[in-house]
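The next block holds one structure in the form of structure tokens; read it before the comments.
Keep in mind that what you see is a predicted model, and the values were worked out from it rather than measured. Reminder, nothing fancy here: chain letters follow the sequence lines and each chain counts from 1.
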Protein chains: 2
Amino acid sequence: MITKTIREQITEQIRDELMDGRFTVGQPLREADLAKRFGVSRGPIRDAFLQLSQEGFLAYEANRGVTVQTPPPDENRELIVSLRRQIECFVIVQGWRKLAGDEFHRIAAALSELHEACDAGRVAAVARCDIGLHQQILVTYGGASLLPVWKWLCSQMMLTYTRLDDYADVFEEHVRIVEAIQHGDQARAIEAIEANIK
Amino acid sequence: MITKTIREQITEQIRDELMDGRFTVGQPLREADLAKRFGVSRGPIRDAFLQLSQEGFLAYEANRGVTVQTPPPDENRELIVSLRRQIECFVIVQGWRKLAGDEFHRIAAALSELHEACDAGRVAAVARCDIGLHQQILVTYGGASLLPVWKWLCSQMMLTYTRLDDYADVFEEHVRIVEAIQHGDQARAIEAIEANIK
DNA sequence: CGGCAATAGATTGTCAACAATTAACGATGC
DNA sequence: GCATCGTTAATTGTTGACAATCTATTGCCG
């Protein structure tokens with residue numbers, strides 16, 4: 001198994017369902033309900049709620065539990081997109097180099113996962129693989145140092161992920177990014193990334 | 001009491017001590033140790049560790065506990081500072097208006113707290129009040145929507161908070177910010193904020 | 001002597017019971 | 001009728017015990 005602790009598995013699952021829009025905005029999530037559904041105690045659920053609150057998916061209030069986070073107001077969205085773009089481009093420029101074989105292989109694998117998800121057409125899977133590919137690139141060039149902010153920004157964008165109607169386009173945009181990386185063409189890589197993050 | 005749950009109190013306390021540099025980088029923190037020191041069970045300590053890991057102060061590894069986070073590499077620091085600056089300026093511009101009496105009063109109160117802390121000369125207190133004032137401004141003009149990213153960026157900057165040798169300067173820079181806000185001079189406010197965030 | 005497996009100790013992960021807090025409801029007095 | 005105060009049910013917060021996992025040590029075998 002890739003993720004080890006129950007907490008991590010639960011966190012992922014709930015995050016997926018949130019991206020999938022399976023809960024409505026503002027809806028309260030009860031620890032006991034999910035504990036029962038997953039067949040575990042409230043402990044890991046609590047931890048997952050805490051973490052997802054930090055990530056920006058849930059809103060936490062002391063002694064009152066969590067509710068599904070309201071998407072950021074439109075005027076903030078523009079800033080959020082811009083910040084994420086800056087991080088990804090910064091990392092590419094800063095860490096630019098010829099990738100080792102296995103490094104590029106991991107990116108290619110992420111792209112292939114995205115391909116499958118786009119074919120299958122499941123929203124949550126596409127979103128997760130989309131983010132997953134970007135994360136792989138980010139980590140490869142820039143390490144894990146900026147990951148938390150970046151993830152938060154992504155989660156905020158995910159709360160209003162409106163562009164999932166055309167999966168072929170989504171995939172094609174990422175092919176451009178990966179090809180540019182493969183050919184060592186930095187300028188084209190940045191161009192492709194800037195075009196993709198919106 | 002301001003903060004209610006034990007978890008929140010513990011989180012704040014540990015965060016303060018981390019900012020204060022009371023632990024060395026890379027040092028592991030044991031749940032049992034801190035639980036004993038605070039006279040509580042491991043539960044809230046765990047939660048605090050989880051949260052502080054998300055905030056970027058600690059590094060978490062499954063089944064291995066947490067260690068004090070390594071400060072971000074210098075090349076990232078520049079980006080982090082820039083992102084924080086963008087957020088604060090964006091919010092000021094976006095939400096600029098004449099503040100209501102109590103709104104400005106809260107900012108003034110934060111400034112006065114910073115004054116006390118600078119006089120007392122305690123590093124952690126100065127850092128906390130510094131951040132506290134900025135947070136008050138951020139929330140007043142832009143709401144809580146961008147708070148989490150902003151906090152993360154701040155925490156990363158705090159890991160290398162090197163400019164605490166001259167408290168008078170720190171205070172003076174913030175006086176300029178607050179005065180500009182008070183006089184409704186947006187351009188000067190932004191200028192003062194950009195000069196302060198570095 | 002060096003490498004490897006079994007083992008013991010330390011540490012984190014999970015659980016279920018209990019305590020504290022909150023919110024809704026209804027009784028009571030004005 | 002209206003506000004206020006207990007009361008109660010639902011929910012989160014905390015705890016201590018137990019299980020799972022990792023680390024270091026020790027003893028064994030080649």
Base, sugar-phosphate, or nothing: which does [X] touch, judged by heavy atoms less than 4.0 Å apart?
X: A:I10; result: nothing
X: A:G43; result: nothing
X: A:L50; result: nothing
X: A:R42; result: base

Hydrophobic clusters here meaning ILVMFWY residues chained together by side-chain heavy-atom distances under 4.5 Å, can you tell me if A:F49 and A:V25 are in one?
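In one cluster with A:F49: A:V25, no.
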Mind calculating the distance between [atom1] ([X]) and [atom2] ([N]) to the nearest angstrom?
X: A:L58; N: D:dT12; atom1: CG; atom2: P; answer: 12 Å
X: B:E31; N: D:dT14; atom1: CD; atom2: P; answer: 15 Å
X: A:D47; N: D:dT12; atom1: CG; atom2: P; answer: 14 Å
X: B:R7; N: C:dT21; atom1: CZ; atom2: C1'; answer: 14 Å
X: A:E8; N: D:dT21; atom1: CD; atom2: P; answer: 13 Å
X: A:I45; N: D:dT11; atom1: CD1; atom2: C1'; answer: 15 Å
X: A:E61; N: C:dT22; atom1: CD; atom2: C1'; answer: 12 Å
X: A:F38; N: C:dT14; atom1: CZ; atom2: C1'; answer: 16 Å

For A:G39 and for B:D33, locate the closest nucleotide of DNA chain C by heavy-atom distance; then report the residue assigned to the nucleotide nearer the 5' terminus.
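Result: B:D33.
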By nearest heavy atom, map B:F49 and A:A62 onto DNA chain C; which one lands nearer the 5' end?
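Taking each residue's closest nucleotide, the earlier one in sequence belongs to B:F49.
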What distance do A:F90 atom CZ and A:I87 atom CD1 have between them, rounded to the nearest 0.5 Å?
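Taking CZ in A:F90 and CD1 in A:I87, the distance rounds to 10.0 Å.
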CZ on A:R84 to CD1 on A:I193, rounded to 0.5 Å
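Rounded to the nearest 0.5 Å, the CD1-CZ separation comes out at 9.5 Å.
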Among the nucleotides [options], which one has an atom lying closest to any side-chain atom of [X]?
X: A:N63; options: D:dG16, C:dT21, D:dC22; answer: C:dT21
X: B:S41; options: C:dT14, D:dG16, D:dG13; answer: D:dG16
X: A:I6; options: D:dT15, C:dC15, D:dA17; answer: C:dC15

Quick one: do the A:S82 and A:E78 side chains pair a donor with an acceptor below 3.5 Å?
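A:S82 vs A:E78: no donor-acceptor pair found between side chains.
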Hey, does the side-chain of A:R64 have a donor or acceptor N/O within less than 3.5 Å of a partner on the base of D:dG13?
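There is none.
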Could you tell me whether B:E31 and B:K36 make a salt bridge, using a distance below 4.0 angstrom between a side-chain N and a carboxylate O?
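Between B:K36 and B:E31 there is no salt bridge, as every charged N stays at least 4.0 Å from the carboxylate O atoms.
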If the cut-off is 4.0 Å, is [X] near the phosphate of [N], judged by side-chain N/O to OP1 or OP2?
X: A:R46; N: D:dG13; value: yes
X: B:Y60; N: C:dG13; value: yes
X: A:R30; N: D:dT12; value: yes

So, do A:H174 and A:H115 have ring centers that fall under 6.0 Å from each other?
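No, the ring of A:H174 stays outside the 6.0 Å limit from the ring of A:H115, centre to centre.
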